[in-house]
Number of protein chains: 2
Amino acid sequence: MNGSETTQIRSERRDAAENRQRILNAAIKLFEQNDVEQVSMNQIANEAQVGPGTLYRRYKNKSELCLDLIKDNVDLFFDDIEIYLKENCSSPPSKRLKGILSLFIRFREKKSQLLTGVEDSSSTNPPRSRIQSPLFNELHHLLVNLFDEMNVTKQTRLNSVFNADLLLTALSRDFYSFQRDVRNYSPEMILEELCTLFISLK
Amino acid sequence: MNGSETTQIRSERRDAAENRQRILNAAIKLFEQNDVEQVSMNQIANEAQVGPGTLYRRYKNKSELCLDLIKDNVDLFFDDIEIYLKENCSSPPSKRLKGILSLFIRFREKKSQLLTGVEDSSSTNPPRSRIQSPLFNELHHLLVNLFDEMNVTKQTRLNSVFNADLLLTALSRDFYSFQRDVRNYSPEMILEELCTLFISLK
DNA sequence: TTGACAAGTGGAATATTCTCCGTTTATTAT
DNA sequence: ATAATAAACGGAGAATATTCCACTTGTCAA
(Lines give C-alpha, C1' and ligand atoms only; values in the text may rest on other atoms or scores of the structure.)
Protein backbone atom coordinates (compact mmCIF):
# COMPACT_ATOMS: atom_id res chain seq x y z
CA MET A 1 0.00 0.00 0.00
CA ASN A 2 1.29 3.41 -0.75
CA GLY A 3 1.18 6.24 1.70
CA SER A 4 -0.50 8.57 -0.76
CA GLU A 5 -2.55 10.10 1.96
CA THR A 6 -2.57 13.81 1.36
CA THR A 7 0.19 14.80 3.65
CA GLN A 8 0.67 18.50 3.92
CA ILE A 9 4.35 17.84 3.91
CA ARG A 10 5.69 17.79 0.41
CA SER A 11 6.71 14.24 -0.21
CA GLU A 12 10.22 13.26 -1.08
CA ARG A 13 11.26 14.41 -4.47
CA ARG A 14 11.64 11.71 -7.06
CA ASP A 15 15.30 12.33 -7.71
CA ALA A 16 15.94 12.48 -4.01
CA ALA A 17 14.28 9.13 -3.58
CA GLU A 18 16.44 7.70 -6.32
CA ASN A 19 19.52 9.03 -4.69
CA ARG A 20 18.55 7.62 -1.38
CA GLN A 21 18.07 4.24 -2.92
CA ARG A 22 21.44 4.51 -4.58
CA ILE A 23 22.99 5.37 -1.26
CA LEU A 24 21.36 2.45 0.48
CA ASN A 25 22.40 0.08 -2.28
CA ALA A 26 25.92 1.36 -2.19
CA ALA A 27 26.04 0.96 1.56
CA ILE A 28 24.72 -2.57 1.40
CA LYS A 29 27.24 -3.46 -1.22
CA LEU A 30 30.16 -2.01 0.69
CA PHE A 31 29.00 -3.47 3.97
CA GLU A 32 28.95 -6.88 2.39
CA GLN A 33 32.51 -6.52 1.28
CA ASN A 34 34.00 -4.89 4.36
CA ASP A 35 33.31 -4.45 8.01
CA VAL A 36 30.79 -1.75 8.64
CA GLU A 37 33.26 0.17 10.72
CA GLN A 38 35.84 0.19 7.97
CA VAL A 39 33.58 1.74 5.39
CA SER A 40 33.82 5.50 5.32
CA MET A 41 31.04 7.89 4.46
CA ASN A 42 33.16 9.03 1.57
CA GLN A 43 33.36 5.57 0.12
CA ILE A 44 29.63 5.27 0.34
CA ALA A 45 29.09 8.62 -1.33
CA ASN A 46 31.54 7.63 -4.00
CA GLU A 47 30.02 4.26 -4.65
CA ALA A 48 26.60 5.85 -4.77
CA GLN A 49 27.88 8.55 -7.06
CA VAL A 50 26.63 11.40 -5.00
CA GLY A 51 28.58 14.17 -3.38
CA PRO A 52 29.48 13.88 0.27
CA GLY A 53 27.20 16.79 1.00
CA THR A 54 24.26 14.88 -0.37
CA LEU A 55 25.04 11.92 1.77
CA TYR A 56 25.35 14.01 4.88
CA ARG A 57 22.19 15.90 4.12
CA ARG A 58 20.33 12.65 4.45
CA TYR A 59 22.24 10.88 7.16
CA LYS A 60 23.98 12.80 9.80
CA ASN A 61 26.35 9.88 10.26
CA LYS A 62 26.91 6.24 9.57
CA SER A 63 24.83 5.31 12.53
CA GLU A 64 21.71 6.84 11.01
CA LEU A 65 22.42 5.18 7.73
CA CYS A 66 22.70 1.81 9.39
CA LEU A 67 19.52 2.44 11.27
CA ASP A 68 17.76 3.06 8.00
CA LEU A 69 19.19 -0.15 6.63
CA ILE A 70 17.90 -2.31 9.44
CA LYS A 71 14.75 -0.39 10.10
CA ASP A 72 12.67 -3.14 8.59
CA ASN A 73 14.41 -5.75 10.62
CA VAL A 74 13.88 -3.75 13.74
CA ASP A 75 10.20 -3.55 13.00
CA LEU A 76 10.04 -7.27 12.49
CA PHE A 77 11.88 -7.75 15.73
CA PHE A 78 9.29 -5.74 17.61
CA ASP A 79 6.55 -7.66 15.91
CA ASP A 80 8.12 -10.84 17.19
CA ILE A 81 8.19 -9.41 20.66
CA GLU A 82 4.59 -8.39 20.51
CA ILE A 83 3.56 -11.85 19.41
CA TYR A 84 5.66 -13.44 22.07
CA LEU A 85 4.17 -11.24 24.76
CA LYS A 86 0.66 -11.99 23.63
CA GLU A 87 1.23 -15.69 23.59
CA ASN A 88 2.78 -15.60 27.02
CA CYS A 89 0.74 -12.96 28.70
CA SER A 90 -0.12 -15.28 31.51
CA SER A 91 3.41 -16.34 32.25
CA PRO A 92 5.16 -14.69 35.17
CA PRO A 93 6.93 -11.48 34.21
CA SER A 94 10.32 -13.01 34.86
CA LYS A 95 9.69 -15.63 32.23
CA ARG A 96 8.56 -13.01 29.75
CA LEU A 97 11.61 -10.94 30.48
CA LYS A 98 13.84 -13.85 29.76
CA GLY A 99 11.96 -14.47 26.56
CA ILE A 100 12.50 -10.95 25.41
CA LEU A 101 16.15 -11.04 26.24
CA SER A 102 16.44 -14.21 24.28
CA LEU A 103 14.74 -12.64 21.30
CA PHE A 104 16.97 -9.64 21.44
CA ILE A 105 20.10 -11.68 21.66
CA ARG A 106 19.01 -13.68 18.67
CA PHE A 107 18.37 -10.45 16.83
CA ARG A 108 21.73 -9.08 17.87
CA GLU A 109 23.49 -12.18 16.65
CA LYS A 110 21.76 -12.11 13.32
CA LYS A 111 22.27 -8.48 12.60
CA SER A 112 25.42 -7.89 14.57
CA GLN A 113 27.22 -6.02 11.82
CA LEU A 114 24.60 -3.42 11.18
CA LEU A 115 23.51 -3.20 14.76
CA THR A 116 27.06 -2.42 15.66
CA GLY A 117 26.97 0.30 13.08
CA VAL A 118 23.87 1.76 14.60
CA GLU A 119 25.35 2.01 18.03
CA ASP A 120 28.70 3.16 16.83
CA SER A 121 29.03 6.78 16.03
CA SER A 122 26.34 7.63 18.50
CA SER A 123 29.22 7.90 20.89
CA THR A 124 31.10 10.42 18.80
CA ASN A 125 28.44 12.74 17.57
CA PRO A 126 25.72 13.43 20.07
CA PRO A 127 26.95 13.99 23.57
CA ARG A 128 26.88 10.39 24.65
CA SER A 129 25.14 7.20 25.65
CA ARG A 130 24.18 4.63 23.11
CA ILE A 131 21.24 4.07 25.35
CA GLN A 132 19.54 6.78 23.34
CA SER A 133 18.13 5.43 20.13
CA PRO A 134 14.65 4.54 19.00
CA LEU A 135 15.48 0.87 19.21
CA PHE A 136 16.84 1.06 22.71
CA ASN A 137 14.20 3.44 23.91
CA GLU A 138 11.42 1.13 22.94
CA LEU A 139 13.12 -1.82 24.52
CA HIS A 140 13.71 0.21 27.61
CA HIS A 141 10.06 0.87 27.91
CA LEU A 142 9.23 -2.81 27.68
CA LEU A 143 11.84 -3.74 30.22
CA VAL A 144 10.71 -1.15 32.71
CA ASN A 145 7.18 -2.48 32.54
CA LEU A 146 8.32 -6.01 33.13
CA PHE A 147 10.52 -5.00 36.03
CA ASP A 148 7.62 -3.13 37.51
CA GLU A 149 5.46 -6.17 37.21
CA MET A 150 8.12 -8.26 38.85
CA ASN A 151 8.26 -5.83 41.70
CA VAL A 152 4.57 -6.27 42.28
CA THR A 153 4.69 -10.02 42.00
CA LYS A 154 7.68 -10.44 44.23
CA GLN A 155 6.95 -7.64 46.60
CA THR A 156 10.25 -5.99 45.94
CA ARG A 157 11.04 -2.36 45.29
CA LEU A 158 13.89 -2.47 42.88
CA ASN A 159 14.57 0.45 40.62
CA SER A 160 13.13 -0.60 37.28
CA VAL A 161 14.53 2.26 35.28
CA PHE A 162 18.01 1.83 36.56
CA ASN A 163 17.97 -1.89 36.04
CA ALA A 164 16.60 -1.52 32.55
CA ASP A 165 19.35 0.95 31.75
CA LEU A 166 21.99 -1.41 32.93
CA LEU A 167 20.47 -4.41 31.27
CA LEU A 168 20.39 -2.58 27.97
CA THR A 169 23.96 -1.54 28.44
CA ALA A 170 24.82 -5.18 28.92
CA LEU A 171 23.12 -5.92 25.63
CA SER A 172 24.82 -3.15 23.75
CA ARG A 173 27.66 -3.85 21.45
CA ASP A 174 30.52 -2.85 23.71
CA PHE A 175 29.63 -5.13 26.52
CA TYR A 176 28.04 -7.89 24.55
CA SER A 177 30.77 -8.42 22.06
CA PHE A 178 33.36 -8.16 24.77
CA GLN A 179 31.71 -11.10 26.45
CA ARG A 180 31.44 -12.96 23.20
CA ASP A 181 34.89 -12.30 21.81
CA VAL A 182 37.11 -11.85 24.81
CA ARG A 183 35.39 -13.87 27.47
CA ASN A 184 34.30 -16.42 24.93
CA TYR A 185 30.81 -16.72 26.26
CA SER A 186 28.08 -18.11 24.08
CA PRO A 187 24.85 -16.20 23.61
CA GLU A 188 23.15 -18.72 25.85
CA MET A 189 25.63 -18.23 28.64
CA ILE A 190 25.29 -14.50 28.47
CA LEU A 191 21.56 -14.86 28.66
CA GLU A 192 21.85 -17.05 31.72
CA GLU A 193 24.17 -14.68 33.48
CA LEU A 194 21.90 -11.75 32.82
CA CYS A 195 18.89 -13.60 34.09
CA THR A 196 20.69 -14.68 37.21
CA LEU A 197 21.61 -11.12 37.93
CA PHE A 198 18.50 -9.25 36.92
CA ILE A 199 15.66 -11.61 37.45
CA SER A 200 15.74 -11.41 41.14
CA LEU A 201 16.35 -14.70 42.63
CA LYS A 202 16.63 -12.34 45.50
CA MET B 1 75.09 -5.81 18.33
CA ASN B 2 77.15 -6.31 21.40
CA GLY B 3 77.32 -9.78 22.76
CA SER B 4 77.14 -8.63 26.32
CA GLU B 5 74.15 -9.19 28.49
CA THR B 6 73.21 -5.60 29.16
CA THR B 7 69.52 -5.84 28.50
CA GLN B 8 68.97 -2.52 30.17
CA ILE B 9 66.56 -0.50 28.15
CA ARG B 10 68.22 2.65 27.09
CA SER B 11 66.53 5.27 29.18
CA GLU B 12 64.56 8.05 27.64
CA ARG B 13 66.69 10.57 25.87
CA ARG B 14 67.03 13.94 27.49
CA ASP B 15 65.48 15.91 24.67
CA ALA B 16 62.67 13.40 24.45
CA ALA B 17 61.95 13.87 28.12
CA GLU B 18 61.81 17.60 27.62
CA ASN B 19 59.42 17.21 24.76
CA ARG B 20 57.22 14.95 26.73
CA GLN B 21 57.06 17.43 29.51
CA ARG B 22 56.18 20.14 27.02
CA ILE B 23 53.42 17.97 25.64
CA LEU B 24 52.00 17.26 29.06
CA ASN B 25 52.11 20.94 29.99
CA ALA B 26 50.45 21.90 26.77
CA ALA B 27 47.75 19.31 27.32
CA ILE B 28 47.12 20.47 30.86
CA LYS B 29 46.87 24.02 29.72
CA LEU B 30 44.46 23.25 26.92
CA PHE B 31 42.41 20.92 29.05
CA GLU B 32 41.97 23.67 31.57
CA GLN B 33 40.64 25.99 28.92
CA ASN B 34 38.41 23.59 27.01
CA ASP B 35 36.68 20.31 27.45
CA VAL B 36 39.00 17.39 27.03
CA GLU B 37 36.97 16.07 24.15
CA GLN B 38 37.20 19.32 22.27
CA VAL B 39 40.95 19.51 22.28
CA SER B 40 42.52 17.95 19.22
CA MET B 41 45.83 16.18 19.08
CA ASN B 42 46.94 18.81 16.62
CA GLN B 43 46.22 21.61 19.00
CA ILE B 44 48.23 19.88 21.63
CA ALA B 45 51.13 19.32 19.25
CA ASN B 46 50.93 22.93 18.25
CA GLU B 47 50.80 24.29 21.74
CA ALA B 48 53.68 22.06 22.69
CA GLN B 49 55.60 23.12 19.61
CA VAL B 50 56.29 19.65 18.40
CA GLY B 51 55.25 18.04 15.17
CA PRO B 52 52.20 15.85 15.12
CA GLY B 53 54.40 12.88 14.40
CA THR B 54 56.27 13.45 17.62
CA LEU B 55 53.07 13.57 19.59
CA TYR B 56 51.77 10.40 18.02
CA ARG B 57 55.06 8.63 18.58
CA ARG B 58 54.53 9.03 22.29
CA TYR B 59 50.81 8.72 22.62
CA LYS B 60 48.85 6.64 20.24
CA ASN B 61 45.80 8.76 21.04
CA LYS B 62 44.33 11.24 23.43
CA SER B 63 43.28 8.47 25.71
CA GLU B 64 46.87 7.47 26.39
CA LEU B 65 47.82 11.05 26.93
CA CYS B 66 45.09 11.48 29.51
CA LEU B 67 46.14 8.31 31.18
CA ASP B 68 49.63 9.68 31.54
CA LEU B 69 48.20 12.87 32.98
CA ILE B 70 46.23 11.15 35.70
CA LYS B 71 48.65 8.35 36.27
CA ASP B 72 49.68 9.82 39.58
CA ASN B 73 46.11 10.22 40.65
CA VAL B 74 45.38 6.67 39.68
CA ASP B 75 48.25 5.50 41.79
CA LEU B 76 46.99 7.48 44.73
CA PHE B 77 43.58 6.01 44.18
CA PHE B 78 44.92 2.51 44.41
CA ASP B 79 46.87 3.45 47.48
CA ASP B 80 43.62 4.55 49.05
CA ILE B 81 42.05 1.28 48.16
CA GLU B 82 44.88 -0.68 49.63
CA ILE B 83 44.66 1.24 52.84
CA TYR B 84 40.94 0.82 52.96
CA LEU B 85 41.18 -2.90 52.39
CA LYS B 86 43.80 -3.28 55.10
CA GLU B 87 41.76 -1.36 57.60
CA ASN B 88 38.67 -3.36 56.82
CA CYS B 89 40.12 -6.76 56.17
CA SER B 90 37.85 -8.32 58.72
CA SER B 91 34.67 -6.80 57.36
CA PRO B 92 32.47 -8.98 55.21
CA PRO B 93 33.41 -8.87 51.53
CA SER B 94 30.16 -7.16 50.65
CA LYS B 95 31.03 -4.25 52.87
CA ARG B 96 34.49 -4.00 51.37
CA LEU B 97 33.04 -4.09 47.91
CA LYS B 98 30.76 -1.23 48.71
CA GLY B 99 33.68 0.67 50.14
CA ILE B 100 35.67 0.25 46.98
CA LEU B 101 32.79 1.31 44.82
CA SER B 102 32.39 4.36 46.94
CA LEU B 103 36.05 5.21 46.58
CA PHE B 104 35.92 4.78 42.86
CA ILE B 105 32.86 6.93 42.49
CA ARG B 106 34.53 9.64 44.50
CA PHE B 107 37.56 9.33 42.26
CA ARG B 108 35.41 9.44 39.17
CA GLU B 109 33.65 12.56 40.38
CA LYS B 110 36.88 14.31 41.17
CA LYS B 111 38.68 13.51 37.98
CA SER B 112 35.74 13.20 35.66
CA GLN B 113 37.22 15.29 32.88
CA LEU B 114 40.44 13.41 32.47
CA LEU B 115 38.92 10.07 33.27
CA THR B 116 36.46 10.65 30.51
CA GLY B 117 39.39 11.37 28.25
CA VAL B 118 41.01 8.11 29.23
CA GLU B 119 38.00 6.05 28.32
CA ASP B 120 37.18 8.01 25.25
CA SER B 121 39.11 7.17 22.16
CA SER B 122 39.68 3.67 23.38
CA SER B 123 36.44 2.95 21.61
CA THR B 124 37.68 4.24 18.27
CA ASN B 125 41.15 2.85 18.03
CA PRO B 126 41.57 -0.62 19.39
CA PRO B 127 38.84 -3.03 18.44
CA ARG B 128 36.61 -2.12 21.36
CA SER B 129 35.66 -2.26 24.99
CA ARG B 130 36.70 0.42 27.37
CA ILE B 131 36.92 -2.38 29.83
CA GLN B 132 40.47 -2.79 28.67
CA SER B 133 42.79 -0.38 30.36
CA PRO B 134 45.32 -0.72 33.14
CA LEU B 135 43.01 1.14 35.49
CA PHE B 136 40.03 -1.02 34.75
CA ASN B 137 42.02 -4.21 34.65
CA GLU B 138 43.36 -3.67 38.10
CA LEU B 139 39.95 -2.82 39.45
CA HIS B 140 38.54 -5.84 37.74
CA HIS B 141 40.96 -8.02 39.54
CA LEU B 142 39.97 -6.58 42.89
CA LEU B 143 36.31 -6.96 42.16
CA VAL B 144 36.62 -10.55 41.07
CA ASN B 145 38.36 -11.43 44.29
CA LEU B 146 35.67 -9.81 46.36
CA PHE B 147 32.92 -11.50 44.42
CA ASP B 148 34.65 -14.80 44.89
CA GLU B 149 34.84 -14.20 48.59
CA MET B 150 31.19 -13.33 48.66
CA ASN B 151 30.39 -16.55 46.90
CA VAL B 152 32.17 -18.48 49.61
CA THR B 153 30.57 -16.54 52.42
CA LYS B 154 27.09 -16.73 51.03
CA GLN B 155 27.30 -20.13 49.51
CA THR B 156 26.39 -18.85 46.09
CA ARG B 157 27.92 -19.60 42.75
CA LEU B 158 27.60 -16.38 40.85
CA ASN B 159 29.93 -15.64 38.00
CA SER B 160 32.45 -13.25 39.48
CA VAL B 161 34.13 -12.33 36.23
CA PHE B 162 30.92 -11.54 34.47
CA ASN B 163 29.59 -9.52 37.33
CA ALA B 164 32.81 -7.60 37.66
CA ASP B 165 32.71 -6.82 33.96
CA LEU B 166 29.21 -5.49 34.21
CA LEU B 167 29.86 -3.57 37.37
CA LEU B 168 32.82 -1.86 35.76
CA THR B 169 30.73 -1.06 32.74
CA ALA B 170 28.25 0.58 35.05
CA LEU B 171 31.05 2.68 36.45
CA SER B 172 32.42 3.68 33.09
CA ARG B 173 31.74 7.07 31.68
CA ASP B 174 28.96 6.16 29.27
CA PHE B 175 26.72 4.59 31.80
CA TYR B 176 27.72 6.61 34.80
CA SER B 177 27.33 10.01 33.29
CA PHE B 178 24.10 8.96 31.68
CA GLN B 179 22.74 8.22 35.12
CA ARG B 180 24.12 11.44 36.48
CA ASP B 181 23.11 13.79 33.71
CA VAL B 182 20.02 12.27 32.18
CA ARG B 183 18.53 10.31 35.02
CA ASN B 184 19.66 12.90 37.50
CA TYR B 185 20.90 10.42 40.03
CA SER B 186 23.36 11.50 42.64
CA PRO B 187 26.58 9.55 43.14
CA GLU B 188 25.11 8.18 46.33
CA MET B 189 22.01 6.92 44.62
CA ILE B 190 24.01 5.25 41.92
CA LEU B 191 26.10 3.56 44.55
CA GLU B 192 23.01 2.30 46.31
CA GLU B 193 21.49 0.93 43.16
CA LEU B 194 24.67 -0.87 42.25
CA CYS B 195 24.93 -2.40 45.68
CA THR B 196 21.36 -3.52 45.61
CA LEU B 197 21.93 -5.25 42.34
CA PHE B 198 25.38 -6.70 42.76
CA ILE B 199 25.79 -7.35 46.42
CA SER B 200 23.49 -10.24 46.51
CA LEU B 201 20.70 -9.62 48.79
CA LYS B 202 19.77 -12.80 47.09
C1' DT C 1 86.87 12.57 21.72
C1' DT C 2 84.54 10.44 18.38
C1' DG C 3 81.70 7.92 15.36
C1' DA C 4 78.01 4.50 14.84
C1' DC C 5 73.41 4.14 15.46
C1' DA C 6 69.24 3.89 17.83
C1' DA C 7 66.08 7.23 19.23
C1' DG C 8 63.77 11.08 18.19
C1' DT C 9 62.01 14.79 15.21
C1' DG C 10 59.08 17.63 12.07
C1' DG C 11 56.04 18.12 8.81
C1' DA C 12 54.33 16.82 4.30
C1' DA C 13 51.08 13.55 2.71
C1' DT C 14 46.87 10.97 3.00
C1' DA C 15 42.38 10.00 4.65
C1' DT C 16 38.07 11.23 6.88
C1' DT C 17 34.54 13.78 8.66
C1' DC C 18 31.48 17.35 7.97
C1' DT C 19 29.98 22.16 6.43
C1' DC C 20 28.93 25.75 3.35
C1' DC C 21 27.04 27.66 -0.58
C1' DG C 22 26.23 28.60 -5.44
C1' DT C 23 23.77 25.87 -8.87
C1' DT C 24 20.30 22.74 -10.53
C1' DT C 25 15.76 20.69 -10.64
C1' DA C 26 11.14 18.76 -9.41
C1' DT C 27 6.80 20.42 -8.10
C1' DT C 28 2.87 23.23 -8.03
C1' DA C 29 -0.04 27.10 -8.76
C1' DT C 30 -1.35 29.85 -12.46
C1' DA D 1 3.00 25.18 -20.46
C1' DT D 2 5.63 28.29 -17.38
C1' DA D 3 7.41 30.62 -13.77
C1' DA D 4 8.23 30.74 -8.83
C1' DT D 5 10.13 28.34 -5.27
C1' DA D 6 11.55 25.08 -2.07
C1' DA D 7 14.19 20.97 -2.15
C1' DA D 8 18.14 18.74 -3.43
C1' DC D 9 22.66 18.55 -5.37
C1' DG D 10 27.72 18.30 -5.46
C1' DG D 11 32.03 19.55 -4.70
C1' DA D 12 35.34 22.72 -2.68
C1' DG D 13 37.51 23.08 1.47
C1' DA D 14 38.30 23.45 6.67
C1' DA D 15 39.43 20.69 10.56
C1' DT D 16 41.21 16.30 12.24
C1' DA D 17 43.41 12.13 12.65
C1' DT D 18 47.20 9.46 11.54
C1' DT D 19 51.20 7.69 8.90
C1' DC D 20 55.59 7.90 6.82
C1' DC D 21 60.14 8.92 6.20
C1' DA D 22 64.24 11.63 5.36
C1' DC D 23 66.79 14.07 8.50
C1' DT D 24 68.84 15.25 13.26
C1' DT D 25 70.76 14.35 17.69
C1' DG D 26 71.75 12.15 22.16
C1' DT D 27 74.27 8.15 23.95
C1' DC D 28 77.48 4.74 24.59
C1' DA D 29 81.54 2.20 23.76
C1' DA D 30 86.03 2.23 22.31
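Since the model is a prediction, treat every value here as computed from it, not as a measurement. Numbers restart at 1 for each chain; the letters A, B, ... are given by sequence-line order, proteins then strands.
Heavy-atom neighbours of Gln49(A) CD from other residues, nucleotides or ligands within 6.0 Å: at or below the threshold of 12. Other residues, nucleotides and ligands contribute more than 12 heavy atoms inside 6.0 Å of the CD atom of Glu109(B).
When each of Ser40(A) and Asp15(A) is assigned the nucleotide of DNA chain C with its nearest heavy atom, Ser40(A) is the one assigned upstream, toward the 5' end. Nearest-nucleotide positions on DNA chain D for Ala17(A) and Met41(B) put Ala17(A) closer to the 5' end.
Comparing dT18(D), dG8(C), dT16(C) by their closest approach to the side chain of Asn42(B) singles out dT18(D). Side-chain proximity of Ala16(A) to the nucleotides dC9(D), dG26(D), dT9(C) is greatest for dC9(D).
Rounded to an integer number of Å, the gap from Tyr59(A) OH to dA8(D) P is 12 Å. In this entry the distance linking CD of Glu37(B) with C1' of dA17(D) reads 16 Å, nearest Å. Rounding to whole angstrom units, CD of residue Gln38(A) and P of dA15(C) are separated by 15 Å. Between Arg14(B) atom CZ and dA6(C) atom C1' there is a gap of 16 Å when expressed in whole angstrom units.
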With a cut-off of 3.5 Å and sequence neighbours excluded, list every side-chain donor-acceptor pair involving residues 66-78 of chain B.
{"unit_1": "Asp68(B)", "atom_1": "OD2", "unit_2": "Tyr59(B)", "atom_2": "OH", "d": "2.4"}

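Checked for salt-bridge contact, Lys62(B) and Glu37(B) miss the test: no charged N lies under 4.0 Å from a carboxylate O. Checked for salt-bridge contact, Glu193(A) and Arg183(A) miss the test: no charged N lies under 4.0 Å from a carboxylate O.
For the residue pair Tyr185(B)/Asn159(A), the side-chain donor-acceptor check at 3.5 Å is satisfied. Using modelled atom types and a 3.5 Å distance limit, the side chains of Arg22(B) and Asn19(B) yield a donor-acceptor pair.
Of the residues in residues 21-31 of chain B, not one places a heavy atom less than 4.0 Å from an atom of DNA chain D. Within residues 43-58 of chain A, the residues that have a heavy atom under 4.0 Å from DNA chain C are, in order of number, Pro52(A), Gly53(A), Tyr56(A).
Put simply, the side chain of Phe162(A) reaches to within 4.5 Å of the side chain of Leu194(B), judged on heavy atoms. With contacts defined as side-chain heavy-atom distances shorter than 4.5 Å, the pair Ile100(B)/Leu85(B) qualifies.
For dT25(D), the OP1/OP2 oxygens have no side-chain nitrogen or oxygen of Arg13(B) closer than 4.0 Å. For Asn19(A), a side-chain nitrogen or oxygen approaches OP1 or OP2 of dC9(D) to under 4.0 Å.
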